[in-house]
Structure formats: structure tokens, C-alpha cells
A.B. asks: 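Before we start, here is the structure in question, set down as C-alpha cells.
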Amino acid sequence: VLFAHPPSRVGFGIKVGPDMRLAGEMVLNPVVWERTGDGVVFGVRVKSGGKSTVIMERYIDPKSLEGERRPISFNIDLSRWKGERISLVLETTCGPVGNCENDWAGWVQPALVTGTGTGTGFKFKNVLLIVVDTLRADALGVYGHPFVETPNIDKLAEKGWLFERAIAQSGTTVPSHASLFTSTYPKDHGVYDQETVLGDDWVTLAEVFRKYGFNTAAVVSSAAVHPALGFGQGFDFYSVVPPIAPYERDSADTNKVAMDWLDKNREEPFFMWVHYYDPHGPYDAPDPFRDKYYKGDNPRDPANRSMDPVDMENNPTQLFNREFYRGITDINYIESLYYGEVAYLDRSIGQLVAKLDELGVRDDTLIVFTADHGESLTEHGIYFTHLGLYDEVIRVPLIISGLGRKRIDSYTELIHLYPTILEIMGLRPQSKIRGMTLVSPPAARGMGPDAWTQLRRGYGLPYAWRGQAYIFRLLPMNPV
């Protein structure tokens, strides 16, 4: 530890090498957390060519904020001074009141590091994780849909790894996200429904990135993934709609928040999670996407009886749909509305990626695209919702863009994203996880081509294994 009771300043000269970063942790001695003054401002500046540039400034106040009673990591990119001789200055100053009497501060293992440290050969500064609610894989052009147009998502796959059979660990939003962010199964983290809170004893993917000094941000489109449910762990910034009707926002509104954050934070390494909700029912895309794929003449033709099996008025699974779809007689019309939502979503994703291009950070950003679960439109007697363990609900798109073009046909699980993203970024997990990296081939990982999904607690209730030669399901005949 480099002790740095404020005010303090220490500097040293270096020549900046390729991919060089300054990394370490900032801390106030736990002995004085309760009796510290008003906190400490940690700062790092670079002196080069007669100019002094502040490259990090962080105010830590463990007396007022219990969340700061821990080492705070930093990881600062020095590549803009590549090949130059510079002076690095680490300094501490008193908080806003100027009371530093008990602020025993220190820099923990400050070090210059280079490269990814993993041997993967990938070099990204940032991560953009896009998770779409209720998006089935086969609704995308790049996954073979014959007429739905998704050019922006397809483009992500042109220079990325596309996983043909990615399987979500739940068909419900909250447990599926809990598995993705902890790399554990529902039977591990205990979240099976939309109300259970993810325990703070799990180290989330966002927490790992924050520990390594990344700015972390979440911009989500539904109260279903509210931070109060445990998803706020590890995020410095979290934008969500309030848990009151209509409980969601349009992807265009989500993009406005995400783009504003990117404008303000593009200089430092970031981990951003953007969650879109458009394909979730009721399906109601704006024009011209709403009726883009309807081939019929009249969706309310009384002679059309294709909606009769749905029993919209009495079917409990249609509680949130019946008001919106009342009077519609052509089942193909509702299915076309879903595809209109997918096309609209694709446009929003294209606009977000274009923002990365505009800011000059696209090539530095690893983009991971997936969904929490799919949607059954008419299959298996399940209409316009996501129940059960069928492929329409559990098989989701998964594209890791920027790694070179490849299609992987074997089964994989969303829990593998956590260690895969960390390996690509040259970072290490901070806790025990179930997932294994997808960077190496399955045989090299000792991982079989299987996938597991669980919808309820215990082994005697709905779950499924999927393998290369089999699918085994335990599923109620009439899921509700």
C-alpha cells in the first residue's frame, strides 16, 4: 500500500508502451471508516508536453456511504500517450468540507499493466451488453426467418460469433437475468419468479467490471428488471421506469438515455447493459412497423375463426393481452404484430450502434447481443406468451460481435456469457460460477454440448435438458 494521507502527491516518469494501463485500488483504512472526516478525493493526472491532464478523479466517503467501505478499483487507459515519456501523478485531497484529520488513505498495488493477460488476442476497451426481452431466435433474418428484416442485428453477426442453439436458463425475465448476471442456475440463486430478489451475496458481472475500474451503466426498458430486485448490484448508473403502469418504455426512449450516458462517459472504459422490451406483448410497434408484415385484408373479419382456440376472454394467460387484442379474429394478424416489433427493435439497435461509431468507440467496444427468453406465438397451444420449455420460449439469439465471423451449432447456455466476456476483456471472475468460457472449443474446456433450463424449484417440477441427440422435458400438459 502506498500511504497517501491528504493532501498528498507522488509522481513518477514512464514511457507509455502498447496497450498500457494504470490499475490498482483506492481505500481508506477500515479502522477509521466510522470516524473519518468528510472523505478523500483521489486523483490521477498526466503531465506531458507542458500540459497537465486529469485522467481520473474519484471522491470516496465511507463514513456517509457504506457502499464505499471497500477497496475501489481503477483501470485507466494510457494508450493516447503511446510512445511518449510522461509523468504520472497520484494525488489525494480533502473532501468538500476540508476535514482530513482521520482520512487515512492509500493506493493499493498501483501498477502499470499491458495487454489482455489472457492470450486470447482480443483487444477491447468497453463492453455493450444488449439483452432483449421476449425475442425468439428464429424471428431474426440472420437466424433464417424468411421475411422479417433485421439488417442491423444481422450486421452484428457479420464479424461475430453466432450461436445457433443458445438456451436460456429460464423462460421468465427475472430468473433468466439472474442466471445471466451470476453465471448460476435458478437452483443456485433461488430466483424462480418475478418477485424474488437476487441476493447480494452473489457477485454479478457488473460488480466484477466495477472492481476492475470500469464505469458501469444499466439502461433498462421495464420495471421487471428493477434494481430493487437485486439487478442494481455493481452499477454506478441505473435508469429504469417506475414500477407503475405501463411498467415499460419504448426502445427509442431507452436509446435517448443510453446515448446521453455514452456522450458523457465515452473517454473511460465502460460496461453498459441495455435492455429492450419491445417484442414483449401486447405487440404494438409504431408505424410503419405495426402492420408491416400483415398479408390479410381485415384482421377483424367475423368470418375468420382462427382466434377461436385462443379463447381470449377466458384464457388466464391472456390477462394482459385481451383488452388490446379484443375484436381481432385473424390469428395471423397478431403474429404479424410481433414481427413488426422485432423489425422496429432492429432499427433501434442500429441507432445505438451508430452512436458508438459517431463517438469513435465502436471498434473498441465488444458488443454482446442476446435475449432473456423467447415467445410462443401459436405453437403447442400456447398463444402470445412465454410458458413452458419448448424451443420457441427457451432458444434465444446469441451473437458476440467483433471476434471474426463464425457460426457455432452446438448447444450453449447463457450462464457461459459471464466468464466468456471476462476472458475476452482480460479479466477474471471474482466468485464461484457455473459457466465456462466459450472462447475455447467445447472439447478443450471439457464441457459437453448440453443445456439446462429450470422453471420451478426442485427436481420434480418443470425442467429440461437439451443435448446434441436428445431433448428431455418434464412439463405439465396444460402449463399456466
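Just so you know, residue 1 is the first one in the sequence shown, and it goes up from there.
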A.B. asks: Are S179 and L414 close enough that some pair of their side-chain heavy atoms sits under 4.5 Å apart?
C.D. replies: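 SC-SC contact between S179 and L414 ruled out.
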
A.B. asks: In chain order, what residues pass the ring pair (Phe, Tyr, Trp, His ring centres under 6.0 Å) check against F289, with sequence neighbours excluded?
C.D. replies: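 Testing F289 for ring pair (Phe, Tyr, Trp, His ring centres under 6.0 Å), a comparison that skips the adjacent residues, returns Y344.
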
A.B. asks: Under the rule for ring pair (Phe, Tyr, Trp, His ring centres under 6.0 Å), what residues qualify as partners of F163, not counting sequence neighbours?
C.D. replies: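 Applying ring pair (Phe, Tyr, Trp, His ring centres under 6.0 Å) to F163 gives none.
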
A.B. asks: Any side-chain donor paired with an acceptor under 3.5 Å for D330 and Y294?
C.D. replies: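 There is such a pair between these side chains.
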
A.B. asks: Considering all heavy atoms of both residues, which atom of D372 and which atom of V396 are nearest to each other, and what is their separation?
C.D. replies: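 Shortest heavy-atom contact: C-CG1, 4.3 Å.
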
A.B. asks: Rounded to the nearest 0.5 Å, what separation is found between the CG atom of L198 and the CG atom of L229?
C.D. replies: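 It is 9.0 Å, given to the nearest 0.5 Å.
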
A.B. asks: Under 3.5 Å, is there a donor-acceptor pair between the side chain of Y293 and the main chain of E335?
C.D. replies: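 No, Y293 side chain to E335 backbone: no donor-acceptor pair under 3.5 Å.
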
A.B. asks: For S170 and H373, what are the C-alpha separation, side-chain angles and deciding distance, and is it a side chain to side chain donor-acceptor pair (under 3.5 Å)?
C.D. replies: CA-CA 7 Å; S170 174; H373 55 75; over 6 Å; no

A.B. asks: Under 3.5 Å, side chain of Q169 to main-chain N/O of I167, donor-acceptor pair present?
C.D. replies: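 Checking the backbone N and O of I167 against the side chain of Q169, a donor-acceptor pair under 3.5 Å is found.
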
A.B. asks: What's the separation between atom CZ in F124 and atom CD1 in I367, rounded to the nearest 0.5 Å?
C.D. replies: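 F124 atom CZ to I367 atom CD1 measures 9.0 Å (nearest 0.5 Å).
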
A.B. asks: Using side-chain heavy atoms (C-beta onward) and a distance below 4.5 Å, is R249 in contact with V219?
C.D. replies: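 Counting from C-beta outward, R249 and V219 do come under 4.5 Å.
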
A.B. asks: Taking C-beta and beyond as the side chain, do F74 and R58 meet within less than 4.5 Å on heavy atoms?
C.D. replies: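 Sidechains of R58 and F74: no contact.
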
A.B. asks: Whether the side chain of R136 engages the backbone of E375 through a donor-acceptor N/O pair (distance < 3.5 Å, no angle test) should be reported.
C.D. replies: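 Here the side-chain-to-backbone pair exists.
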
A.B. asks: So for atom NZ, which belongs to K355, do other residues, nucleotides or ligands contribute more than 12 heavy atoms lying within a distance under 6.0 Å?
C.D. replies: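 Correct, the count exceeds 12.
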
A.B. asks: Would you say that L205 contacts L422 through its side chain, given a criterion of any heavy-atom pair below 4.5 Å between the two side chains?
C.D. replies: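 Side chain of L205 against side chain of L422, heavy atoms only: contact under 4.5 Å found.
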
A.B. asks: Using the side chain to side chain contact (heavy atoms under 4.5 Å, CB included) rule, take V174 and D193 through it: C-alpha gap first, then chi angles, then the decisive distance, then the call.
C.D. replies: CA-CA 7 Å; V174 174; D193 53 39; over 6 Å; no

A.B. asks: For residues 266-276, please give each side-chain donor-acceptor pair under 3.5 Å, one per line with the distance, not counting sequence neighbours.
C.D. replies:
residue, atom, partner, partner atom, Å
H275, ND1, S221, N, 3.1
H275, NE2, D133, OD2, 3.3
Y276, OH, N255, OD1, 2.5

A.B. asks: Thinking salt bridges, do D260 and K264 make one under a 4.0 Å N-O criterion?
C.D. replies: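 Answer for the salt bridge query: yes.
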
A.B. asks: Salt bridge check: are E413 and R434 linked by an N-O gap of less than 4.0 Å?
C.D. replies: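 Looking at E413 and R434, the cut-off is not met.
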
A.B. asks: Mark yes or no for whether H380, through its side chain, and I382, through its backbone, hold a donor-acceptor pair below 3.5 Å.
C.D. replies: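 Not a single qualifying donor-acceptor pair exists.
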
A.B. asks: Would you indicate whether the side-chain heavy atoms of P175 and Q194 approach each other to under 4.5 Å?
C.D. replies: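 Heavy-atom side-chain distance check passes, below 4.5 Å.
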
A.B. asks: To the nearest 0.5 angstrom, please state how far the CG atom of D278 sits from the NE2 atom of H280.
C.D. replies: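 Reported to 0.5 Å precision, the distance equals 11.5 Å.
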
A.B. asks: Can you tell me if D308 has over 12 outside heavy atoms packed within less than 6.0 Å of its CG?
C.D. replies: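 Above 12, so yes.
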
A.B. asks: Using 0.5 Å steps for rounding, measure from the CD1 atom of I331 to the OH atom of Y383.
C.D. replies: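 Rounded to the nearest 0.5 Å, the CD1-OH separation comes to 5.5 Å.
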
A.B. asks: Considering all heavy atoms of both residues, which atom of A371 and which atom of L135 are nearest to each other, and what is their separation?
C.D. replies: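 It is CB-O, 3.5 Å.
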
A.B. asks: Cut-off 3.5 Å, side chains only: do N126 and D364 have a donor facing an acceptor?
C.D. replies: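 Result is no, nothing qualifies.
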
A.B. asks: Looking at P299, is its backbone amide N or carbonyl O close enough to the side chain of T329 to form a donor-acceptor pair, meaning the two atoms are under 3.5 Å apart?
C.D. replies: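 Yes, T329 side chain to P299 backbone: donor-acceptor pair under 3.5 Å.
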
A.B. asks: Identify the heavy atoms of L403 and I424 that sit nearest to each other, and give their distance.
C.D. replies: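 That would be CD1-CD1, 3.8 Å.
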
A.B. asks: Do other residues, nucleotides or ligands put more than 12 heavy atoms under 6.0 Å from D363 CG?
C.D. replies: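 Atom CG in D363 is not packed in, count stays at 12 or less.
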
A.B. asks: Indicate yes or no: at least one non-hydrogen side-chain atom of V353 is less than 4.5 angstrom from one of R362.
C.D. replies: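 Yes, close enough: below the 4.5 Å cut-off.
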
A.B. asks: If you measure only the distance, is there a donor-acceptor pair under 3.5 Å linking the side chains of N298 and Y333?
C.D. replies: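 N298 vs Y333: no donor-acceptor pair found between side chains.
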
A.B. asks: I'd like to know whether CZ of R305 has more than 12 heavy-atom contacts from other residues, nucleotides or ligands below 6.0 angstrom.
C.D. replies: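 Check fails, neighbour count at 12 or below.
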
A.B. asks: Taking all non-hydrogen atoms of both residues into account, name the closest pair between L140 and P397 and its distance.
C.D. replies: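 Smallest interatomic distance, heavy atoms only, reads CD1-CB, 3.7 Å.
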
A.B. asks: List the residues meeting side chain to side chain contact (heavy atoms under 4.5 Å, CB included) with D200, not counting sequence neighbours, and say none if there are none.
C.D. replies: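 Here the qualifying residues are Q233.
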
A.B. asks: Sort out for me which residue in F181, Y418, F214 forms a ring pair (Phe, Tyr, Trp, His ring centres under 6.0 Å) with F209.
C.D. replies: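 Exactly one candidate clears the test, F214.
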
A.B. asks: Can you find a pair of side-chain heavy atoms, one from T182 and one from I433, that are under 4.5 Å apart?
C.D. replies: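 No - every pair of side-chain heavy atoms lies 4.5 Å or more apart.
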
A.B. asks: Is there a donor-acceptor contact under 3.5 Å from the side chain of E207 to the main chain of T204?
C.D. replies: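 Such a contact is found between E207 side chain and T204 backbone.
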
A.B. asks: Please name the residue in the list Y238, F231, F237 that meets the ring pair (Phe, Tyr, Trp, His ring centres under 6.0 Å) test with F235.
C.D. replies: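 The option that passes is Y238.
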
A.B. asks: Evaluate N332 against T378 for side chain to side chain contact (heavy atoms under 4.5 Å, CB included), listing each step before the verdict.
C.D. replies: CA-CA 9 Å; N332 293 324; T378 58; over 6 Å; no

A.B. asks: Hey, is the main chain of M436 close enough, under 3.5 Å, to the side chain of H416 for a donor-acceptor pair?
C.D. replies: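 Judged by distance alone, yes, a pair lies under 3.5 Å.
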
A.B. asks: Could you tell me which residues satisfy ring pair (Phe, Tyr, Trp, His ring centres under 6.0 Å) with F369, sequence neighbours excluded, listed by chain and number?
C.D. replies: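 In terms of ring pair (Phe, Tyr, Trp, His ring centres under 6.0 Å), with neighbours along the sequence ignored, F369 is linked to no residue.
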
A.B. asks: Shortest non-hydrogen contact from P419 to T437?
C.D. replies: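 Shortest heavy-atom separation between P419 and T437 comes out as CG-N, 4.0 Å.
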
A.B. asks: Show, in sequence, the C-alpha distance, side-chain angles and deciding distance for L352 and L262, and conclude whether the side chain to side chain contact (heavy atoms under 4.5 Å, CB included) test is met.
C.D. replies: CA-CA 10 Å; L352 181 61; L262 288 169; 4.1 Å; yes

A.B. asks: Less than 4.5 Å apart, any side-chain heavy atom of V393 and any of L387?
C.D. replies: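 A side-chain contact is absent here, since even the closest heavy-atom pair is not under 4.5 Å.
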
A.B. asks: Would you say D346's side chain and N152's backbone share a donor-acceptor pair under 3.5 angstrom?
C.D. replies: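 Checking the backbone N and O of N152 against the side chain of D346, a donor-acceptor pair under 3.5 Å is found.
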
A.B. asks: Answer yes or no: is there a donor N or O on one side and an acceptor on the other, between the side chain of E379 and the main chain of L377, under 3.5 Å?
C.D. replies: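 Yes, E379 side chain to L377 backbone: donor-acceptor pair under 3.5 Å.
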
A.B. asks: What is the minimum heavy-atom distance between L398 and A166, and which atoms define it?
C.D. replies: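 Result for this residue pair: CB-CB, 3.6 Å.
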
A.B. asks: For the pair T196 (side chain) and Y192 (backbone), establish whether a donor and an acceptor sit closer than 3.5 Å, ignoring hydrogens and angles.
C.D. replies: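 Such a contact is absent between T196 side chain and Y192 backbone.
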
A.B. asks: Roughly how far, to the nearest 0.5 Å, is the NZ atom of K159 from the OG atom of S401?
C.D. replies: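 Separation between the atoms: 8.5 Å.
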
A.B. asks: In this structure, are over 12 heavy atoms from other groups packed under 6.0 Å from R326 atom CZ?
C.D. replies: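 Yes.
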
A.B. asks: What distance do L162 atom CG and R405 atom CZ have between them, rounded to the nearest 0.5 Å?
C.D. replies: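 Here the rounded value is 9.0 Å.
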
A.B. asks: Just to verify, what does H145 make a ring pair (Phe, Tyr, Trp, His ring centres under 6.0 Å) with, not counting sequence neighbours?
C.D. replies: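 Once residues adjacent in sequence are excluded, the partners of H145 under the ring pair (Phe, Tyr, Trp, His ring centres under 6.0 Å) criterion are F147, Y339.
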
A.B. asks: Determine whether F384 and Y283 satisfy the following criterion, side chain to side chain contact (heavy atoms under 4.5 Å, CB included), listing intermediate values before the conclusion.
C.D. replies: CA-CA 9 Å; F384 324 127; Y283 318 133; 3.5 Å; yes

